[in-house]
**Q** 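Quick one: the structure is below, questions incoming.
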Amino acid sequence: MPRKTLAMDFGTSNSAAAILVGDTPMRIAVDDGYDTLPTAVFFPSDGTDMQIGRAASKALIDGHEGRYMRALKNVLGTSLFNESKLVGGKRQTLSDIVTAFIAMVKHRAEITTGETFTHVLSGRPVHFHTSDPTRDARAQSDLRACYLAAGFEQVTFMFEPEAAALASYQHGQIGKIGLIVDIGGGTSDFSLFQRQDQGFEILASHGIRLGGTDFDHAVSMKHVMPLLGHGGTLRREFGDGLLPVPKAIYNDLATWAKIPFLYSHKTRLATAQMAQLAVDQKAFARLQTLLDFELGHELAFAVERGKIAANSETDTAPVQPATIPMGFVEPGLAPALTKASLDLTLQGFRNHLGTAAKETLRLAGVPENAVSNVILVGGSSLMQMVAAEMRLICPLANQSYSDAFTAVIDGLARATAPLPAKSSPPGPL
Ligand SMILES: Nc1ncnc2c1ncn2[C@@H]1O[C@H](COP(=O)(O)OP(=O)(O)OP(=O)(O)O)[C@@H](O)[C@H]1O
Ligand SMILES: [Mg+2]
C-alpha cells in the first residue's frame, strides 16, 4: 500500500478518516475536533458554501433556509445517483454531492496531518445491494468515481466487517473463532474469522442491505405516517365510494435519502388535491404543514431518537415510555413508542439478521457452537434485538461490543500497513 494512504469509512449515517502512525491507527479529527462526522450535507439557500457533518445538522436544527441531505450512500448504484437535480441553486447530481463531501474530508485530513493523500483505502459493505450483482458492482464503481473526482489517484476497497475483524484481532478481542456483526445505518455485514499462530484468517463474509435507516422507515410507516393520512381514504371526486390514499409520498417521507426530493411543486399540488378529498382532514393538514415548512428531516430525526429511546427500555430498568415528539407539526403531538411495539415492528428485520448470520456460518462450513466470540459493531448493533438474536444463534459464544462507530475505520487504518508475510489477513479488494 503506498505511503500516503488515507483510510476512509464512508458510512450511510457516519463517516471517518484515519491513518496509521507507526502501528497505531490515528483517527483524524475531521469535524470540529470529533473523529467521526455525520454523512450529511447542507446547501444554504443564500448560495454560500456547502456545509458537511455537524455543521450541516446544526444548520438544519437551527432552521436555516437550505437543503439538507443525509444517507446518500443508500443511493449508490441506483439511477437516482447520476440524475441531475436543482440543489443549492445549481443543477448537480448526487454523485457531485458525494464527491464534494469526500473532497472536504480529504482536504481536512490533509490540513490536519500535513500530508497529501493520493491513495484511499475505503470500506465498503459486502453487498451494497443484496441479490443484485449488477447494481452492486455499479454502486462500487459510483463510489470509486467519486473518490477519483475528489482528487485521489488510487482507490482500493475493503469489506467493512473485515476491517472491523482486523481491529478486534488487534485488540485481542477473540478466542479461536470470531464473528463480526456490523449493523450500520444502511447495511448489515458479517465476517467470520479464525485466529492462527500468527495473524488470522477470514473464513467467510456476507451481508445484506438492511440497517438503521430501514428500522427508522418501518417505525415511521407504522407509528407516524398514519397520523399524516397514510392508510386513510379519499372521497371520489365524481361519484360515490372511497379510494385508498396513495402510499408513495409516505414511503419517501420515511426514507432519509428521499426526503429532499419531496419539496417540489408537483408533490405540494398533489397533496393539496388529496387534502380536499381526504376523509381525515386533520391528518392531511399535518402533512401539508410538514411539506410547506420542509420538516421531513426534523421528523426523521424525531423517529430515530424515538427508536433509540424505546430501545433503551429494559425489563429491569423501565424508563418513561418513549415518544416521537412531533410538536413542530402540531402542538402536543407525540405518538408513543414502547419497546414492545418497537420489537413487533422490527421482528421481520430481526429474522433477516438471524438468517444472514447463519448464512455466514454456512458459507464457512463452521457450526454455530464453534464460534467462540461474537463482536458487535456499528450503531445499530446497539439495538437490543441484535444481541438477543445473536445469542440465540451462537449460545456458547462470548458476546462483546467493539467501538460501535470506530472499529471499521481503525481496522481500515491498520490495513494500510504491510502485514506480516505468514498471516492470512483480510485482503483489500
Ligand atoms: N444507541 C443507539 N441505539 C440504536 N441504534 C443506534 C444508536 N445510536 C445510533 N444508532 C443507529 O445506528 C445507525 C448508524 O450507525 P453507524 O454509524 O455504524 O452506520 P454507518 O457506518 O454510517 O452505516 P453503514 O455502515 O451501514 O453504511 C443509525 O441508523 C442510528 O439510528
Ligand atoms: Mg458502518
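Counting begins at 1 with the first residue of the sequence. Bear in mind the structure is a predicted one, so any value in this text is a computation, not a measurement. Whatever order the structure lists them in is the order used to number ligands and atoms, beginning at 1. What's counted below: heavy atoms across the whole structure, side chains too, no hydrogens, waters or symmetry copies.
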**Q** Regarding Lys4 and Glu153, does a basic nitrogen lie under 4.0 Å from an acidic carboxylate oxygen?
**A**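 A salt bridge is absent here (no side-chain N lies under 4.0 Å from a carboxylate O).
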
**Q** Please list all pairs meeting salt bridge (Lys or Arg N to Asp or Glu O under 4.0 Å) that have one or both residues in residues 324-347, counting only residues at least two apart or in different chains.
**A**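 Counting only pairs at least two positions apart or across chains, the salt bridge (Lys or Arg N to Asp or Glu O under 4.0 Å) contacts touching residues 324-347 are Arg286-Glu330, Lys339-Asp343.
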
**Q** Would you list the pairs meeting salt bridge (Lys or Arg N to Asp or Glu O under 4.0 Å) in which at least one residue belongs to residues 371-383, sequence neighbours left out?
**A**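 Every candidate salt bridge (Lys or Arg N to Asp or Glu O under 4.0 Å) pair involving residues 371-383 fails, so no pair, neighbours aside, qualifies.
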
**Q** Cation-pi check, Arg209 to Phe128: give yes when NZ or CZ is under 6.0 Å from the six-membered ring centre and within 45° of the ring axis, no otherwise.
**A**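 Negative - Arg209 is either too far from the ring of Phe128 or too far off its axis.
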
**Q** Nearest to atom 25 (O) of ligand 1, what protein heavy atom do you find, and at what distance?
**A**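 Ranked first by proximity to atom 25 (O) of ligand 1 is Glu160 OE1, 3.7 Å.
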
**Q** Ligand 1 and Gly185, any nitrogen or oxygen pair closer than 3.5 angstrom?
**A**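 Looking only at distances, the answer is yes, because the N/O contact criterion of under 3.5 Å is met.
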
**Q** Polar-atom distance check: Asp216 versus ligand 1, any N or O pair below 3.5 Å?
**A**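 No.
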
**Q** So, regarding Asp9 and ligand 1 (criterion: nitrogen or oxygen to nitrogen or oxygen, under 3.5 Å), is there a contact or not?
**A**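 Min N/O separation from ligand 1 is not below 3.5 Å for Asp9.
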
**Q** What protein heavy atom sits nearest atom 4 (C) of ligand 1, and how far off is it?
**A**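 That would be Met383 SD, 3.4 Å.
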
**Q** Are side-chain N/O atoms of Tyr147 and Ser122 paired as donor and acceptor at under 3.5 Å?
**A**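 On atom types as modelled, these side chains qualify, holding a pair under 3.5 Å.
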
**Q** If the cut-off is 4.0 Å to any non-hydrogen atom of Gly186, which atoms of ligand 1 fall inside it?
**A**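 Atoms satisfying the 4.0 Å criterion: 23 (O), 24 (P), 26 (O).
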
**Q** Tell me which protein heavy atom sits closest to atom 16 (P) of ligand 1, plus the residue, atom name and distance to 0.1 Å.
**A**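 It is Gly379 N, 3.7 Å.
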
**Q** Does the N or O separation between Asp182 and ligand 1 drop below 3.5 Å for any pair?
**A**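 Checking ligand 1 against Asp182, no N or O pair falls under 3.5 Å apart.
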
**Q** Do the numbers put Lys106 on top of the ring of Phe117, so that NZ or CZ is under 6.0 Å from the six-membered ring centre and no more than 45° off the axis?
**A**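 No cation-pi geometry.
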
**Q** Compute the shortest N/O to N/O distance between Phe10 and ligand 1 and return yes if it is under 3.5 Å, no if not.
**A**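 No; the residue has no nitrogen or oxygen that sits under 3.5 Å from a nitrogen or oxygen of the ligand.
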
**Q** Do we see a donor-acceptor contact under 3.5 Å between the side chains of Asp216 and Trp256?
**A**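 There is such a pair (donor and acceptor under 3.5 Å, judged by atom type) between the side chains of Asp216 and Trp256.
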
**Q** Under 3.5 Å, is there a donor on one side chain and an acceptor on the other for His171 and Ser402?
**A**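 Per modelled atom types, His171 and Ser402 side chains form no pair under 3.5 Å.
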
**Q** Return the closest protein heavy atom for atom 9 (C) of ligand 1 as residue, atom name and distance.
**A**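 Here the closest protein heavy atom is Phe405 CZ, 3.8 Å.
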
**Q** For the residue pair His206 and His127, categorise the inter-ring angle as parallel (less than 30°), tilted (30 to 60°) or perpendicular (more than 60°).
**A**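 Because their plane-to-plane angle is over 60°, the rings of His206 and His127 count as perpendicular.
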
**Q** So which protein heavy atom does atom 27 (O) of ligand 1 come closest to, and at what separation?
**A**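 Result for atom 27 (O) of ligand 1: Thr12 OG1, 2.6 Å.
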
**Q** Determine whether the side chains of Asn251 and His217 contain a donor N or O and an acceptor N or O closer than 3.5 Å.
**A**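 Checked: Asn251/His217 side chains pair up, N/O donor to acceptor below 3.5 Å.
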
**Q** Tell me: protein heavy atom nearest atom 3 (N) of ligand 1, and distance?
**A**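 In this structure, atom 3 (N) of ligand 1 has Leu382 CB, 3.6 Å as its nearest protein heavy atom.
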
**Q** Does Ser380 reach ligand 1, in the sense of a heavy atom lying below 4.0 Å from it?
**A**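 Right, Ser380 reaches ligand 1.
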
**Q** At a 4.0 Å threshold, what atoms of ligand 1 neighbour a non-hydrogen atom of Gly378?
**A**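 Close to Gly378: 18 (O).
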
**Q** To the nearest 0.1 Å, how far is atom 17 (O) of ligand 1 from its closest protein heavy atom, and which atom is that?
**A**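 For this ligand atom, the closest protein heavy atom is Asn14 ND2, 2.7 Å.
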
**Q** Among all the protein's non-hydrogen atoms, which is closest to atom 31 (O) of ligand 1, and how far away is it?
**A**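 So the nearest neighbour among protein heavy atoms is Glu304 OE2, 2.6 Å.
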
